[in-house]
Amino acid sequence: MIDISLFVLMLLGALLALAVYLPLRAGQLSLATPGFYTIGGTVAALLSTQLPGLGGSDAVYPLTSLLLEMIVAIAVAGLLAFLIGKPVLKLRGIYLAIATIALVEILRVVLLSSPWFGAAVGIFAIPQPFEGPEGYLIAYGLLLAIVAWACARLERKPLGMAMAAIRDDELAARCMGVSTDQVKLIAFVLSAIVAAAAGVLAAHYFNSWNARQANFDASITTLAFVVLGGSRTWLGPVIGGLVLTALPELLRPIGDLRLIVFGLVILLGPIFIPQGLIKAKQS
């Protein structure tokens with residue numbers, strides 16, 4: 001029988017995949033998602049453990065305090081994305097990918113070297129807003145539904161169409177009057193907001209948090225979600241995140257061979273299904 005915890009992680013993977021998808025829709029290969037995810041988790045861990053007043057008098061951590069953490073984390077991540085996005089998004093392609101990986105590594109080193117953020121040990125005993133994994137399943141399900149609905153709406157709005165135009169041909173989009181720099185920055189900030197919101201819930205779910213959540217492996221894994229699922233529509237990253245998160249656990253009965261199978265799926269997927277599992281409808 002599949003544990004509920006696996007479904008929680010699958011929903012988390014789908015959310016992070018959508019965070020990667022948003023810049024990709026605007027043609028930006030950003031691998032900064034784990035960094036913003038870590039910011040969200042760090043903000044939640046600090047607020048919930050350092051501010052006793054947020055815990056209230058009940059044994060269960062109040063949902064209002066969880067919502068406050070999410071608002072603060074979204075504000076911090078969004079502001080940071082806005083500040084670093086302006087210079088970083090002037091880069092393109094692999095250069096942007098390298099720059100965003102560097103940002104994630106800088107953030108990781110800063111957090112790991114600072115005692116205030118728990119240093120290498122991390123922050124423990126993060127209070128629980130839910131009595132069991134079922135609560136997190138519902139919370140992540142609601143968050144994923146909201147983000148997926150917003151992405152679906154975005155694809156049909158002028159902003160989403162402008163993002164797709166930049167992805168297909170940035171020069172042509174600029175000639176048509178699209179403010180490419182502004183659109184790319186908006187996509188980058190939206191990505192940071194989604195990742196930070198996912199990180200807030202993750203910090204409580206895992207009950208401990210440290211900056212090792214942001215690393216190169218996490219950047220590649222979240223990108224693989226989108227590559228396998230498909231980057232042309234919001235449903236692709238969701239499917240990719242769900243499948244690739246569940247796959248290692250489903251393959252656990254075959255032991256260490258599951259890592260080989262998992263690697264082959266990531267390697268051969270783009271070769272045989274270059275547009276991903278989900279293809280966008282032709283308009």
Side-chain angles (χ1 to χ4, degrees), residues 9 12-24 28-50 69-70 72-89 91 93-126 185 187-227 241 244-245 248 259 266:
L9 295 178
L12 171 58
L15 271 169
L16 294 178
L18 286 174
V20 177
Y21 155 78
L22 286 165
L24 271 179
Q28 306 305 297
L29 182 57
S30 169
L31 299 179
T33 294
F36 296 117
Y37 169 69
T38 300
I39 288 174
T42 301
V43 168
L46 286 174
L47 291 179
S48 61
T49 58
Q50 300 300 319
E69 291 173 11
M70 196 165 291
V72 174
I74 285 173
V76 171
L79 178 60
L80 182 60
F82 178 80
L83 293 176
I84 66 176
K86 283 195 170 184
V88 168
L89 293 176
L91 301 172
I94 190 64
Y95 300 105
L96 175 60
I98 293 172
T100 50
I101 289 175
L103 289 172
V104 171
E105 286 299 306
I106 291 171
L107 177 64
R108 184 177 67 87
V109 171
V110 168
L111 295 180
L112 286 175
S113 61
S114 173
W116 198 66
F117 295 108
V121 177
I123 302 172
F124 291 87
I126 300 173
L185 183 59
F188 191 65
V189 171
L190 290 176
S191 170
I193 288 174
V194 173
V200 169
L201 282 175
H204 288 277
Y205 176 71
F206 294 127
N207 198 37
S208 63
W209 195 261
N210 65 46
R212 289 191 177 89
Q213 303 287 342
N215 54 40
F216 178 73
D217 290 347
S219 296
I220 298 304
T221 301
T222 51
L223 178 62
F225 293 163
V226 183
V227 172
L244 286 184
T245 302
L259 300 177
I266 296 177

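Note that the coordinates shown come from a computational prediction; the quantities given were computed from them, not determined experimentally.
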Nearest 0.5 Å, what's the [atom1]-[atom2] distance between [X] and [Y]?
X: Thr33; Y: Leu18; atom1: OG1; atom2: CG; value: 10.0 Å
X: Leu16; Y: Leu223; atom1: CG; atom2: CG; value: 12.5 Å
X: Ile74; Y: Leu79; atom1: CD1; atom2: CG; value: 13.5 Å
X: Thr42; Y: Tyr37; atom1: OG1; atom2: OH; value: 10.5 Å
X: Leu103; Y: Leu96; atom1: CG; atom2: CG; value: 9.0 Å
X: Ile84; Y: Leu185; atom1: CD1; atom2: CG; value: 10.0 Å

ask   = Do you know which of Asn210, Thr49, Asn207 makes side chain to side chain contact (heavy atoms under 4.5 Å, CB included) with Ile123?
value = Thr49

task = For a side chain to side chain contact (heavy atoms under 4.5 Å, CB included) with Val20, tell me which candidate from Leu31, Thr221, Val226 qualifies.
result =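 Output: one option passes, namely Val226.
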
Considering all heavy atoms, the nearest [X]-[Y] contact:
X: Leu12; Y: Ala202; value: CD2-CB, 4.5 Å
X: Phe188; Y: Ser30; value: CE1-OG, 3.4 Å
X: Gly41; Y: Ala203; value: O-CB, 3.4 Å
X: Glu69; Y: Ala44; value: OE1-CB, 3.3 Å
X: Thr245; Y: Gly13; value: OG1-CA, 3.7 Å
X: Gly241; Y: Phe225; value: CA-CG, 3.7 Å

message = Apply side chain to side chain contact (heavy atoms under 4.5 Å, CB included) to residues Val194 and Leu15 and explain how you reach the verdict.
response = CA-CA 7 Å; Val194 173; Leu15 271 169; 4.3 Å; yes

inquiry  = Counting only heavy atoms from other residues, nucleotides and ligands, does the tally under 6.0 Å from CZ of Phe82 exceed 12?
reply    =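 No, not enclosed.
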
ask   = Got a donor-acceptor contact below 3.5 angstrom from the Ser114 side chain to the Val110 backbone?
value =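 No, Ser114 side chain to Val110 backbone: no donor-acceptor pair under 3.5 Å.
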
query = Got Trp209 and Thr38 here, is their nearest side-chain heavy-atom distance under 4.5 Å?
reply =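 Yes - at least one pair of side-chain heavy atoms lies under 4.5 Å apart.
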
ask   = Going through the distances and angles, do Val72 and Val76 end up as a side chain to side chain contact (heavy atoms under 4.5 Å, CB included)?
value = CA-CA 6 Å; Val72 174; Val76 171; 4.3 Å; yes

